[in-house]
Chemist: 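Quick one: the structure is below, and I'll ask about it shortly.
First listed ligand is number 1; within each ligand, the first listed atom is number 1.
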Amino acid sequence: MQVIDAIKTITAGLVFSAGAIAATEHFHPKGNLPSKYTIALQKEQRAKLPFADKKDFEEQERGFIAAPDYREIMADSGHVAWSMGKYDFLLNGEDFDSIHPSLQRQAILNMNYGLYEVTPGIYQIRGYGLANSTFIEGDTGWIVFDVLENKENARAALKFINETLGERPVKAIVYSHSHADHFGGVRGMVDEAEVKSGKVQIIAPKGFMENAVAENIHAGNAMSRRLFYQYGVLLPASPYGHVDQSIGKNVGSGSLGLIPPNRVIEADYEEITIDGITMVFQNTPGTEAPAEMNTWFPDKKAFWAAENITGTIHNIYTLRGAKVRDTLAWSKQINAALYQFGQDAEVMFASHNWPRWGNERIQEVMRGQRDMYAHMNNQVLNLANQGVTINEIHNLYDMPKSLQQQWYARSYHGSLQHNSRAVINRYLGYWDANPTTLTPLSPSDSAPLYVEMMGGSKKILKKSRKLYQRGEYRLAQEILNKLVYAEPSNQEAKDLLADCFEQLGYQYESPSLRNSFLAAALELRDGIKGGNVAHTGGPDLARAMSTELFLEFLGIQMDGRKAEGMAFKVNLLTPDNSETYLIELNNETLTSIKGYQSPDADLSITINRSDLEDLMMRKMTLKQKTAQGLAKLEGDTGVLKQFASTLVEFDTLFEMMPGTK
Ligand SMILES: [Zn+2]
């Protein structure tokens with residue numbers, strides 16, 4: 001399931017069941033309560049931040065129609081696909097010192113759950129997964145903007161709106177962008193046959209299909225592993241664990257699908273009327289996703305901001321791993337929307353968080369978000385042009401004071417710490433221009449020298465404990481980290497490092513940071529525990545992956561060292577889509593080129609693309625396909641055996657912190 005393992009990283013796709021935990025109890029026997037330093041910091045934040053500004057709460061509850069009588073959704077395979085109920089501890093009115101007060105506020109806002117009216121004829125289902133699903137009432141049916149991350153949640157959402165507002169057929173679906181929390185639930189809302197027949201239109205921005213899969217394949221296994229940190233996949237919902245995911249509560253774990261769009265928006269702006277609803281689409285490539293689009297509803301003076309404008313600073317760099325995004329392009333697209341649509345808009349709604357009403361408020365938020373991305377771009381580069389490096393920028397860069405007081409410009413999904421480093425990385429790369437860091441020793445090779453020079457583990461532990469007791473967690477982690485690398489089996493060191501991570505996790509405003517620290521603490525204490533990994537990547541995603549991309553992934557899956565001395569050429573022909581590829585193994589490297597065949601190939605493989613998909617998903621082998629007459633091999637089949645011997649099974653739970661495997 002290697003390819004599918006890579007694909008499944010598109011969604012969390014992980015099932016874990018944390019029992020009900022009393023809010024006052026730490027879920028882990030080694031867990032600590034917030035220290036007096038952490039408590040003091042949280043108090044300071046409560047005094048400093050504009051908690052008197054309740055606009056978000058008014059906007060978050062405005063238009064509420066009804067909530068369902070359930071707080072859990074079951075997956076078809078029997079586990080809990082989605083639970084809102086496990087976060088109910090956030091609603092008991094308590095201030096938790098183990099949660100940054102600003103994050104707790106966002107976590108409470110993201111408890112919105114059920115059906116809401118945005119404006120007459122536009123409704124949202126919120127709290128059924130990470131994203132919202134938006135329903136536009138056409139003359140005869142629904143136009144659905146974004147269909148949640150899995151089939152089960154999407155089906156429940158459609159059922160609930162139909163039960164509450166009256167049954168209407170789905171006439172069209174719009175995928176706002178190429179991330180799975182916006183398309184993965186499509187099979188819960190529509191039948192593929194209706195899309196194929198043209199009865200239901202699925203509309204997507206240009207580049208949607210390529211990017212829906214491609215962003216997650218090449219480094220897929222590493223992304224999937226890192227997701228455990230960014231999303232705190234194994235952290236229980238608890239004031240000491242997972243509390244929120246900034247743009248929504250969390251990711252569900254039902255079955256993920258993808259039906260290709262039958263209408264793609266190619267132009268920068270394009271107007272379409274469907275079922276009596278006029279929509280102007282604005283392609284915004286290179287923003288939050290490589291393929292994304294906003295939508296303007298001129299008759300309703302309503303602006304759909306996709307995921308370009310949400311209730312947080314978004315990720316320029318997403319910690320699970322992805323190519324760094326473009327702050328300047330993002331800001332410019334928001335500016336374009338502000339002048340194209342924002343002057344007239346009376347309501348702005350998005351695929352996450354909650355809407356904004358009134359033109360003044362809309363322009364305030366659009367300008368604020370435009371400026372925060374541009375500020376990040378400009379001021380980080382201003383500092384970089386004065387010699388500040390990627391290793392310093394996060395300690396220097398801050399938002400302007402005027403934006404620090406705006407809740408929509410706070411560091412939830414994207415923290416200033418990790419985003420500012422990303423801006424430098426985008427323009428200058430990872431090197432700080434100090435030759436010492438150009439070819440550094442690996443951490444495990446340099447650590448023993450540090451430990452020796454610091455006088456050994458006892459001395460380090462003593463000093464670290466002192467630093468910990470003084471609340472100097474970042475200093476303590478600096479030396480403990482060296483000790484843990486030098487002595488990966490030193491549990492005392494790992495536990496103390498975990499204690500530092502835990503307090504830092506409690507102190508960070510951004511769930512991306514909080515979860516990373518708390519998840520690493522959990523692994524340092526317990527070692528890596530797998531949890532129950534549900535393989536949710538389905539045949540839809542294998543189908544969506546081009547043969548070219550599949551061959552690229554095989555090249556990555558191949559351990560070059562095992563291919564020493566091997567050399568072959570293979571012609572691949574997939575008759576049902578008339579594609580040809582020439583695949584070469586040379587210099588321990590697999591390459592392929594589309595549209596070519598070699599007359600002196602060692603082997604020619606003829607197999608329909610639809611049968612190749614079974615191989616991609618490892619449902620069948622090439623041998624079985626050949627035996628069934630569904631594949632034809634001509635030439636030296638020995639090269640396949642050779643090649644198979646080079647392939648690596650990636651460990652989906654590889655070690656990230658030393659001594660945790
Ligand atoms: Zn999203």
Side-chain angles (χ1 to χ4, degrees), residues 7-13 81-82 106-107 109-110 112 124-134 144-151 153-154 157 173-186 188-189 204-205 207-208 211-216 223 227 230-233 244-254 256-258 261 284-295 304-323 325 330 333-334 348-355 369 373 408 412-414 419 510-512 515 536 541:
I7 287 170
K8 85 169 187 280
T9 167
I10 294 173
T11 177
W82 177 246
Q106 184 81 351
L109 284 163
N110 279 331
N112 50 11
Q124 282 192 321
I125 293 277
R126 296 186 212 141
Y128 274 55
L130 190 67
N132 301 327
S133 189
T134 302
V144 188
F145 274 62
D146 290 351
V147 288
L148 305 172
E149 67 237 359
N150 64 57
K151 181 181 163 186
N153 289 11
I173 284 171
V174 174
Y175 297 144
S176 69
H177 64 286
S178 51
H179 292 153
D181 52 324
H182 304 267
F183 66 75
V186 64
M189 296 240 189
F208 173 85
N211 287 298
V213 177
E215 217 185 353
N216 302 282
M223 289 178 172
L227 199 74
Q230 192 198 338
Y231 278 74
V233 170
D244 199 55
Q245 211 55 51
S246 329
I247 50 173
K249 201 82 256 164
N250 204 346
V251 180
S253 60
L256 172 71
L258 174 57
T284 64
T287 52
E288 189 265 334
E292 184 147 0
M293 61 184 184
N294 296 329
T295 308
W304 160 259
E307 195 165 330
N308 287 317
I309 301 173
T310 57
T312 168
I313 295 174
H314 211 291
N315 284 313
I316 298 308
Y317 168 51
T318 175
L319 295 180
R320 78 178 175 106
K323 288 178 189 159
R325 294 165 188 164
W330 199 329
Q333 291 290 1
I334 294 176
M348 173 168 75
F349 57 114
S351 60
H352 290 279
N353 303 122
W354 48 91
Q369 290 242 332
Y373 293 118
Y408 58 78
Y412 304 117
H413 213 31
N419 278 346
S510 158
S512 300
N515 293 343
T536 53
L541 293 162

Chemist: Quick one: does T310's side chain have a donor or acceptor within less than 3.5 Å of a partner on H352's backbone?
Modeler: no
Chemist: Is a donor on one side and an acceptor on the other found under 3.5 Å between the side chain of Q333 and the backbone of W330?
Modeler: no
Chemist: Start with the C-alpha gap between I247 and Y412, add the side-chain angles, then the distance that decides, and say whether side-chain contact (heavy atoms from CB on, under 4.5 Å) holds.
Modeler: CA-CA 8 Å; I247 50 173; Y412 304 117; over 6 Å; no
Chemist: With a 4.5 Å heavy-atom cut-off, do V144 and Y175 have their side chains touching?
Modeler: no
Chemist: Side-chain donor-acceptor pair under 3.5 Å between T287 and N308, yes or no?
Modeler: yes
Chemist: For the Zn ion (ligand 1), which protein N/O/S atoms are closer than 2.8 Å?
Modeler: D181 OD2, H182 NE2, E307 OE1, H352 NE2
Chemist: Has E288 got a side-chain atom pairing as donor or acceptor with I309's backbone, closer than 3.5 angstrom?
Modeler: no
